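Okay, structure first, notes after.
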Amino acid sequence: MSTQVVWLKRDLRLADHAPLAEAARRGPVLLLYVFQPRVYQAPDFARQHLEFIRESLASLDEALAPRGMRVVVEHGEVAAVLRRIDAAISIDALWSHEETGNAVTYAIDREVRAWCAQRGIPWHERAQNGVVRRLGGRDGWSRRWEARMAAPIVAEPERIEPAPYAPARPVDFDAVAARVRGSDKAMRQRGGRAAARAALAGFLAERGQHYRSGMSSPLSAATHCSRISPYLAWGTLSLREIVGATRARIAELRALPAGERPPGFLASLASFQGRLHWHCHFMQKLESEPETEFRNVNRLYDGLRESVFDAARFAAWRCGETGFPLVDACMAMLRETGWINFRMRAMLMSFASHHLWLHWRETGLHLAREFLDYEPGIHWSQTQMQAGVTGINALRIYNPVKQALDQDPHGAFVRRWLPALARVPDEHIHRPWLMSGALQRSVGCVIGRDYPAPIVDHESAARQARERLAAVRRQPAHRDAAREVLAQHGSRKRAGRTRAGQRAQSILPLES
């Protein structure tokens, strides 16, 4: 019996799943997920990702149970798994969504394509979002994104005939988990379709009203941001579902009499919808230039930080022991929850890149493991942007003290995540090193004993970083290099590339 194999990657759902819908019309379906050693042992993968995937697969099995089927979960290299399946029941076609992943998944795709070609098995890949394969240029990209988002949601198949195949032995999840970096995070978001739908519904119904005003501060962002990014990254929701639901809610609010509309809700959802567009804009960068994961997109910045990487500074940053309370509190929250809002992500990357002068590759890998919603295309584009090595974005060196005063003026966030600072007065909470010795002792926070002294003078470090980057920008070749980067990766949404437009691009990624 010929079988349609649907290979699940970052698309752990049944709804709006074109490969599944098309395969189900053609014959018995084997819905396949493979735990691949090269993926789960890669330096950007962590235990929380593994557990989120497991929960999402369990949610899929629950939805499939009434149909008398479940996801076939295998372990190993995908080409070898497909070879076993083909030998057992004969594969008629392979189906999947396109994936903009890291270099590891790209290599795996090439191996699978070669195996399919050798066996004469067609592999049908379908677009999952607004990212365009083999894109010749950015002109017209926004129109293509809009056309995809406006297309109808692909209905969940009414009938799926299960293929008669079962793995020879179940996957030993404990053995897999033992080979994955890190440990799970007790306070992270749970995987699965139900959790995804609840997060989106709660945001559109109520929490999103103060999205614009509440997204920057870590105090309010956890409530007023959508919190759908993990579900989008692992595909328990599709981008088209989210865009469609957001536009439906906007239409619903516009239909209300002006006096009955919740203040600010429309503006917040318009802002959120813009960030959904930017989600694919950043992913397209990695799709078009996979080397973005490893090297500067603007090669004039090569050599700036590579040879002077300070392991001690990296360890202090990674462990949240820099002596700058907001930086350390954000790292503490990430350790427990796997999530922090975008402005704080940008500050963490900026601080590591500029104040500590650390290369973005190692710091980016650490954050990739810490972010439950790690999406390679967005992540590596953003790390380079915040490190100031694209040459086309406004240089933003976040002042860790000013950000703290602006976003956590009374220190509530810092005190929650850094108990050592719990009794420090408001006037010193973001600069505890300025307390007198007597005050330090009286509040139980002696700098250098209970909480670290600042690892650098942040003002002079920022000034030195700015001068180093400015020296590159002054090179005669910089204008041409930046023009090439802009031609390949720059947004075409605005007619002109004004300074304001460049600044907007530097702060408008996907809401996290």
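All of these numbers come straight from a predicted model, not from anything done at the bench.
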Going through the distances and angles, do Gln384 and Trp360 end up as a side chain to side chain donor-acceptor pair (under 3.5 Å)? CA-CA 7 Å; Gln384 292 210 35; Trp360 55 264; 4.6 Å; no
Step through it carefully: locate the ring centre of [X], locate the ring centre of [Y], and say whether they are under 6.0 Å apart.
{"X": "Phe282", "Y": "His489", "answer": "no"}
{"X": "His49", "Y": "Phe371", "answer": "no"}
{"X": "Trp145", "Y": "His281", "answer": "no"}
{"X": "Tyr211", "Y": "His224", "answer": "no"}
{"X": "Trp7", "Y": "His97", "answer": "no"}

Could you pull out all residues at least two apart from Phe309 that satisfy ring pair (Phe, Tyr, Trp, His ring centres under 6.0 Å)?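 For Phe309, the residues satisfying ring pair (Phe, Tyr, Trp, His ring centres under 6.0 Å) (neighbours in sequence not counted) are Phe314.
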Got a sec, which residues hit ring pair (Phe, Tyr, Trp, His ring centres under 6.0 Å) with Trp115, two or more places apart in sequence or on another chain?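 Here no residue qualifies.
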Parallel, tilted or perpendicular, judged at 30° and 60°: which one describes the rings of His355 and Phe351?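 Plane angle under 30°, so parallel.
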Not counting sequence neighbours, which residues clear side-chain hydrogen bond (donor to acceptor under 3.5 Å, both in side chains) with Arg193? List them please.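 With sequence neighbours excluded, Arg193 shows a side-chain hydrogen bond (donor to acceptor under 3.5 Å, both in side chains) to Glu241, given in chain and number order.
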At what distance, to the nearest 0.5 angstrom, does CD of Glu158 lie from CZ of Arg25?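 Output value for this atom pair is 11.5 Å.
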Could you check whether atom CD of Glu62 has more than 12 heavy atoms from other residues, nucleotides or ligands sitting under 6.0 Å from it?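 For Glu62, atom CD is not crowded (no more than 12 foreign heavy atoms under 6.0 Å).
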Using a cut-off of 6.0 Å, state whether more than 12 heavy atoms not belonging to Tyr165 lie near its atom OH.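 Enclosed: over 12 neighbouring heavy atoms sit under 6.0 Å from OH of Tyr165.
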Trp95 ring centre to Arg126 NZ or CZ under 6.0 Å, with the angle to the axis within 45°?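 Ring-cation test returns no.
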